[in-house]
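Each remark here refers to the structure printed beneath this line.
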Amino acid sequence: MTSNADDDLPWAATVLLLRTASEPGVEVLMMQRPDRGSFASAWVFPGGRVEPADVVASDPDATLRRAAVREVAEETGLVVSADALMPVSEWIPPATEPKRIRTWFFAAADPGGQLRVQASEVVRAEWFRPADMLALHAAGDARLYPPTFVSLLNLRDAVDAEVALARLEHPPRRYATLASVIDGARMFSWDDDDATDATPDADRHRLDASTLPWRYTPPADRARS
């Protein structure tokens, strides 16, 4: 469950830019952060905090879209239309995190153009098949955070960008994250995980991040899809 304090967290917007791969499959633009800051050396999607200039009074959606468009342009040199952004998910970090930012994920088709990365914020920027980045992470060769990991899993089996975007066309899912240790395992779980029920058929929605490879149990509605 989330608390009223979550409403006062700073906001951020992140964008999954998708394109069809040369062979069947989809690619997503990912960037590696420098070895400093909150996401040191991690691979992430373009995005960042909402700035005062992004704010549209009484219109949170327009505010987030403006921030997303600005961050993509600043970090990658690519120009994406605010209208092309599809809301995908909202992520609220665990209450135990020292720096908490409430982040909305959007998705859009690759707008085309030449990548020009922001050197102060980006070490590398590359198009990855989701399965390839997940394999690098499983081998310990890439650092990911849970929102990025779960987002890549949801795209892994798409045969092209159109299918990937269609798959993401659902009401945005809200991930209010709880961090805990269950049976000695470092675990992240979400609202639709019945942590109080130990029976095998209990509802689960969690990520076991105790060892590599991470093990994700999707919610019941996603598991059936």
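What you see is a predicted model, and the numbers here were worked out from it, not measured in a lab. Note that the numbering runs from 1 along the sequence shown for the chain.
Ion pairing between a basic and an acidic side chain is recognised when a charged N comes within 4.0 Å of a carboxylate O; Asp192 and Arg173 show such pairing. Taking a cutoff of 4.0 Å between a charged side-chain nitrogen and a carboxylate oxygen, Arg33 and Glu75 qualify as a salt bridge. A salt bridge links Asp208 with Arg215: at least one charged nitrogen is closer than 4.0 Å to a carboxylate oxygen. Salt-bridge formation is detected for the pair Arg100/Asp6: a Lys NZ or Arg NE/NH1/NH2 atom is positioned less than 4.0 Å from an Asp or Glu carboxylate oxygen. A salt bridge links Glu126 to Arg124: at least one charged side-chain nitrogen sits closer than 4.0 Å to a carboxylate oxygen. A salt bridge is absent between Glu27 and Arg129; no separation between the charged side-chain nitrogens and carboxylate oxygens falls under 4.0 Å. A salt bridge links Asp7 with Arg102: the distance from a Lys NZ or Arg NE/NH1/NH2 to an Asp or Glu carboxylate oxygen falls below 4.0 Å.
Aromatic pair Tyr145/Trp43: ring centres not closer than 6.0 Å. Between Tyr216 and His205, the ring centre distance stays below 6.0 Å.
Not a single salt bridge (charged side-chain N to carboxylate O under 4.0 Å, His left out) links Asp157 to another residue, sequence neighbours left out.
The aromatic rings of Trp91 and Tyr175 sit parallel to each other, their planes meeting at less than 30°, with 60° as the upper class boundary.
For the residue pair Val80 and Ala108, the shortest heavy atom distance occurs at CG2-CB, 3.9 Å.
Considering CD1 of Ile101 and CG of Leu9, their distance stands at 9.0 Å, rounded to 0.5 Å.
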Starting from the C-alpha separation in whole Å, work towards a yes-or-no answer on side-chain contact (heavy atoms from CB on, under 4.5 Å) for Phe188 and Arg206. CA-CA 6 Å; Phe188 298 96; Arg206 58 180 55 176; over 6 Å; no
Please determine whether side chain to side chain donor-acceptor pair (under 3.5 Å) holds for the pair Trp190 and Thr177, giving the CA-CA distance in whole Å, both sets of side-chain angles, and the decisive distance to 0.1 Å. CA-CA 5 Å; Trp190 294 280; Thr177 310; 2.9 Å; yes
